[in-house]
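Here the structure comes first, spelled out in structure tokens, and everything after it is commentary.
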Amino acid sequence: MTSSIRYALNKNKYLLDPELEALENLLLKSNQSDLRDATLLSLALATGARAQELLNIRKTDINIYDQSIFIRGLKSSNDREIPIRETLFQQVLKISQEVSGSELIFNIGYHRLRQIWKWYRPIDKKFHCLRHTFAIRLYRKTKDIRLVQVAL
């Protein structure tokens with residue numbers, strides 16, 4: 001006798017559609033006043049990268065020909081190159097050109113990233129929920145679990 005186990009998504013681990021919409025609206029408004037922070041959070045949503053993977057992005061990781069970002073995987077993740085939409089890519093490029101004295105694009109620590117997330121988050125969820133949100137959105141769009149696995 002085989003029982004079918006249905007996997008239930010834990011809604012505390014990703015942003016629900018209204019929460020995501022609120023965050024995206026806030027990030028859009030903040031692009032003018034706080035480009036670095038808004039871009040960092042937008043990049044998290046667009047790539048599904050872990051916090052430290054984002055903080056480790058270097059200027060040399062920007063691929064202007066493919067408009068993609070090279071992400072060095074941590075833990076069990078492999079390195080991967082993620083294409084991003086043009087407006088976000090231009091923001092990352094601008095920030096990388098403005099940063100001096102460092103090869104890192106987002107020259108901040110993990111503690112500072114957590115502070116930024118606390119200011120922007122639409123609901124009391126951890127930064128890691130952006131990675132789960134990316135995965136769920138990608139799966140809904142493609143219905144390809146293997147693609148999600150490779151992207152993460």
Side-chain angles (χ1 to χ4, degrees), residues 7-63 67-142 145 147-152:
Y7 179 75
L9 293 172
N10 183 340
K11 290 182 168 67
N12 292 322
K13 291 194 174 193
Y14 67 96
L15 295 178
L16 302 175
D17 289 341
E19 298 163 353
L20 178 59
E21 187 177 329
L23 176 61
E24 287 176 332
N25 288 335
L26 184 57
L27 292 174
L28 197 59
K29 291 176 190 170
S30 298
N31 277 341
Q32 302 301 319
S33 61
D34 206 353
L35 183 65
R36 184 201 65 193
D37 296 351
T39 301
L40 181 56
L41 296 178
S42 296
L43 198 57
L45 274 173
T47 63
R50 290 183 172 90
Q52 197 59 53
E53 291 173 337
L54 290 168
L55 297 177
N56 290 343
I57 296 174
R58 298 180 179 158
K59 294 176 184 178
T60 56
D61 295 333
I62 300 172
N63 184 333
Q67 291 190 341
S68 61
I69 305 287
F70 181 76
I71 309 255
R72 284 177 189 76
L74 297 174
K75 294 187 177 182
S76 61
S77 293
N78 292 322
D79 295 346
R80 57 216 182 270
E81 195 157 342
I82 307 281
I84 56 175
R85 69 182 186 281
E86 185 174 355
T87 52
L88 180 57
F89 184 81
Q90 292 303 322
Q91 289 172 236
V92 171
L93 202 55
K94 182 177 180 181
I95 292 167
S96 74
Q97 292 165 348
E98 292 174 356
V99 173
S100 61
S102 174
E103 272 301 301
L104 297 175
I105 294 175
F106 304 104
N107 197 15
I108 61 172
Y110 180 73
H111 180 72
R112 180 70 172 149
L113 175 61
R114 288 189 55 199
Q115 284 179 325
I116 293 166
W117 174 239
K118 278 188 173 182
W119 294 331
Y120 280 87
R121 66 185 182 190
I123 190 162
D124 188 16
K125 292 183 180 178
K126 295 180 180 183
F127 180 84
H128 197 74
C129 78
L130 299 178
R131 182 171 166 85
H132 292 257
T133 303
F134 166 81
I136 286 171
R137 289 172 70 193
L138 183 59
Y139 180 75
R140 285 179 183 164
K141 187 182 245 184
T142 65
I145 195 70
L147 177 64
V148 174
Q149 184 182 17
V150 169
L152 293 176

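Ser96 places a side-chain N or O within donor-acceptor distance of the main-chain N or O of Leu93, the cut-off being under 3.5 Å. For Lys13 (side chain) and Lys125 (main-chain N/O), no donor-acceptor pair under 3.5 Å exists by modelled atom type. Checked by atom type and distance alone, the side chain of Asp61 pairs as donor or acceptor with a backbone atom of Arg58 at under 3.5 Å. The closest donor-acceptor contact from the side chain of Asn63 to the backbone of Ile69 lies at 3.5 Å or more, if one exists at all. A donor-acceptor pair under 3.5 Å is formed between the side chain of Arg80 and the backbone N or O of Asn78. Judged by distance alone, the side chain of Glu24 and the main-chain N or O of Glu21 form no donor-acceptor pair under 3.5 Å.
In this structure, the separation between CH2 on Trp119 and CD1 on Ile116 is 6.5 Å, given to the nearest 0.5 Å. In this structure, the separation between CG on Asn107 and CD1 on Ile95 is 12.5 Å, given to the nearest 0.5 Å. A distance of 9.0 Å separates OH of Tyr120 from OG of Ser42, quoted to the nearest 0.5 Å. Interatomic distance, CG of Leu20 versus CG of Leu27, reported as 9.5 Å (0.5 Å rounding). With values rounded to the nearest 0.5 angstrom, Leu55 atom CG is found 6.5 Å from Leu40 atom CG. Atom-to-atom distance recorded for Tyr110:OH and Arg50:CZ is 11.5 Å, nearest 0.5 angstrom.
Leu15 and Glu19 get closest at one heavy-atom pair: CA-OE1, 3.4 Å. For Ile82 against Ala46, the heavy-atom pair with the smallest separation is CG2-O, 4.0 Å. Between Ser68 and Pro83, the shortest heavy-atom distance links the atoms CB-CA, 3.7 Å.
Counting only heavy atoms from C-beta outward, the side chains of Leu88 and Gln67 never approach each other to under 4.5 Å. Residues Gln115 and Lys118 have side chains not in contact (no heavy-atom distance under 4.5 Å, counting atoms from C-beta outward). Residues Arg36 and Phe106 have side chains in contact (heavy-atom distance under 4.5 Å, counting atoms from C-beta outward). Looking at Glu81 and Ile71, their side chains never come closer than 4.5 Å, going by heavy atoms from C-beta outward.
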One pair to check against side chain to side chain contact (heavy atoms under 4.5 Å, CB included): Ile57 and Arg72. What are the steps and the verdict? CA-CA 8 Å; Ile57 296 174; Arg72 284 177 189 76; over 6 Å; no
Please walk me through it: do Leu23 and Thr133 pass side chain to side chain contact (heavy atoms under 4.5 Å, CB included)? CA-CA 12 Å; Leu23 176 61; Thr133 303; over 6 Å; no
Between Phe89 and Leu43, is a side chain to side chain contact (heavy atoms under 4.5 Å, CB included) present by the stated rule, with each step listed? CA-CA 9 Å; Phe89 184 81; Leu43 198 57; over 6 Å; no
Going through the checks in order, is the side chain to side chain contact (heavy atoms under 4.5 Å, CB included) test met by Asp37 and Trp117? CA-CA 9 Å; Asp37 296 351; Trp117 174 239; over 6 Å; no
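Environment of CZ in Arg114: sparse, with no more than 12 heavy atoms of neighbouring residues, nucleotides or ligands closer than 6.0 Å.
With no hydrogens or angles considered, a side-chain donor-acceptor pair links Gln52 and Asn56 at under 3.5 Å.
Contact check on Glu98 versus Lys59 returns no salt bridge, with no Lys/Arg side-chain nitrogen under 4.0 Å from an Asp/Glu carboxylate oxygen.
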